[in-house]
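Just below is one structure, and these are the notes that go with it.
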There are 2 protein chains.
Amino acid sequence: MRIGELSRKTGVPVPTIKYYVREGLLPAGELTSRNQASYDETHERRLRLIRALLDVGGMKVAEIADVLAAVDDPERPLHKVLGAAADRMGGTADGPDDAEAAAARTTVTDLISRRGWRTHESNPAATDLARALAALTRLGHGTFAELLDTYAEAAEQVARADLAYVDRRVAVEDMVEGVVIGTVLGEAVFSALRRLAHVDASARLYGAEGAPGAEKS
Amino acid sequence: MRIGELSRKTGVPVPTIKYYVREGLLPAGELTSRNQASYDETHERRLRLIRALLDVGGMKVAEIADVLAAVDDPERPLHKVLGAAADRMGGTADGPDDAEAAAARTTVTDLISRRGWRTHESNPAATDLARALAALTRLGHGTFAELLDTYAEAAEQVARADLAYVDRRVAVEDMVEGVVIGTVLGEAVFSALRRLAHVDASARLYGAEGAPGAEKS
DNA sequence: CCATGATAGATAGTGGGGCTATCTGATAGC
DNA sequence: GCTATCAGATAGCCCCACTATCTATCATGG
């Protein structure tokens, strides 16, 4: 198909498609002449993936380029893809390197060993976690750390389900992409579920229809 | 204290503090003369909250302004604050209104009634969830929906812990802010934990050889 | 009492990100 | 031939989170 049809099928404007090609998110169409190229279903699928990662996953174009480069790498070390997909969170800001930060790192190390997780504190996710905990402490919510084990248990539950899902995918080439989709879109799914569950829990705890608080006034 | 000291204590540049005041994130200092204003600990605390919401929570300045306006509202309907804090996810993009979108909305409605959640599908989170599920389906991962109940269970677990935490806060004025902090930073915490758990689950499933290198990069 | 430096407030500019518009040839397909 | 479309390249646009600059006004120490 030509670029116009690709655009119509996916709802992505032609100039935007060209932009994605320039940025390395989408392979160029196969040139059939100096000014004609043909695109196939792989382009269509890739384009949909890009939009999902952008719109639902909230990823940046440059991050998507990294992840897709990893996906397309024939060597495809699964953990590198996962890393590229996950590292997107890592705020570039390093924050202050104070007492709270040190305490938070210790908390993370303790958690990892307590749960017997086969990961290391050098994992970017561990850094992100420590940063979040440090921020919490600086805001006077250091006791939030008491919830860590509950959170960790829920995270394990979700991670087990994710991995089981990916594992049951037949084709390996689908698996790599499935990891990316599961990691990124799964986060959006869980985030929405958490917000829904908040409303429900709030309704149960405070009785009223999703409207607790305000009892004060 | 004067603005310079506030800046030094929080690490936020003076022009940035002025910018936050302009944008309504931070109340102006109390003028002691035409060109002097004094700031106190509430400003310091608010400034730290802003930076946490920005850097760790990934919120936009305008979103933070909405949330903080709700926090400062004496009427403080807690659910409105929560709404302001949660609605930040809702992509402005509405996406195609096709068969996948309709099916996804049905899936969400079913899930809500199946779990007996006291919320309504008009909740923005429900819309976000439907959008994520529709994107998954369009990517050929409609079966991901099989994980929904596992995800929902984990979300309930987390939500119960969150609410219990907030409820045990003594002062009500801290409670409202606590909800915001818990909702936004809690998401960052869970996200990091999920990524750590992914690495662990991956190591367990594929053996120490396949994935543990994931910590490297 | 004056010099120095910080400050309030206002306006303009900056750099990154994600497109979008326009232009130049060169085809495709009728 | 004639018109619509296309590849490729360049330039521009809008949003966002700051950041720089400028003026007038004080605070303070010598």
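Within every chain, numbering begins at 1; the chains are lettered A, B, ... in the order of the sequence lines, protein sequences first and strands thereafter. Everything quoted here is computed from the prediction, not taken from an experiment.
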Report task. Output every pair passing salt bridge (charged side-chain N to carboxylate O under 4.0 Å, His left out) with a member in residues 15-35 of chain B, not counting sequence neighbours, ordered by first then second residue. Result -> none
Report task. Verify the distance criterion only: is there a donor paired with an acceptor across the side chains of A/Glu121 and A/Thr109 at less than 3.5 Å? Result -> yes
Requested in this report: May I ask you to decide if the ring planes of A/Phe190 and B/Phe190 are parallel, tilted or perpendicular, using 30° and 60° as cut-offs?
Outcome: parallel
Query raised in the report: Just the endpoints, please: which first and last nucleotides of DNA chain C, 5' to 3', lie under 4.0 Å from a heavy atom of chain A?
Result: C/dG18 to C/dA28
**Report entry** Steps toward side chain to side chain contact (heavy atoms under 4.5 Å, CB included) verdict (A/Val179, A/Thr183)
**Finding:** CA-CA 6 Å; A/Val179 168; A/Thr183 300; 4.0 Å; yes
Query - All salt bridge (Lys or Arg N to Asp or Glu O under 4.0 Å) counterparts of A/Arg45, not counting sequence neighbours - result: A/Glu177
Query raised in the report: Between D/dA17 and B/Tyr20, is there an OP1 or OP2 to side-chain N/O distance shorter than 4.0 Å?
Result: no
Query raised in the report: Can A/Arg195 and A/Asp200 be said to form a salt bridge (Lys or Arg N to Asp or Glu O under 4.0 Å), step by step?
Result: CA-CA 9 Å; A/Arg195 274 140 59 208; A/Asp200 173 66; over 6 Å; no
Query raised in the report: To the nearest 10 degrees, what angle separates the axes at the start and end of the helix from C/dC1-D/dG30 to C/dC30-D/dG1, five pairs each?
Result: 0°
Report task. Please report, rounded to the nearest Å, how far the P atom of D/dC16 is from the CE atom of B/Met59. Result -> 14 Å
Query raised in the report: Can B/Arg46 and B/Asp72 be counted as an ion pair, charged N to O under 4.0 angstrom?
Result: yes
With the criterion being N/O to N/O and under 3.5 Å, what pairs connect the protein with nucleotides 7-10 of chain D, and how long is each?
{"unit_1": "D/dA7", "atom_1": "OP1", "unit_2": "A/Ala37", "atom_2": "N", "d": "3.4"}
{"unit_1": "D/dA7", "atom_1": "OP1", "unit_2": "A/Tyr39", "atom_2": "OH", "d": "3.3"}
{"unit_1": "D/dA7", "atom_1": "N7", "unit_2": "A/Lys18", "atom_2": "NZ", "d": "3.0"}
{"unit_1": "D/dG8", "atom_1": "N7", "unit_2": "A/Lys18", "atom_2": "NZ", "d": "3.2"}

Query raised in the report: Are the side chain of A/Gln36 and the backbone N or O of A/Ser33 linked by a donor-acceptor pair below 3.5 Å?
Result: no
Query raised in the report: So which pairs with a foot in residues 15-58 of chain B pass ring-ring contact (aromatic ring centres under 6.0 Å, His included), sequence neighbours left out?
Result: B/Tyr39-B/His43
Query raised in the report: Does a side-chain N-to-carboxylate-O contact under 4.0 Å join B/Arg131 and A/Asp55?
Result: no
Requested in this report: Measure the distance from OH on B/Tyr19 to P on D/dA20 and round it to the nearest whole Å.
Outcome: 15 Å
Report task. Quickly work out the A/Glu5 CD to D/dT5 C1' distance and round it to whole Å. Result -> 13 Å
**Report entry** Straight-line distance of A/Glu5 CD to A/Ser38 OG, nearest 0.5 Å
**Finding:** 11.0 Å
Requested in this report: Starting from P on D/dA17, measure out to CD1 on B/Ile50 and report it in whole angstrom.
Outcome: 12 Å
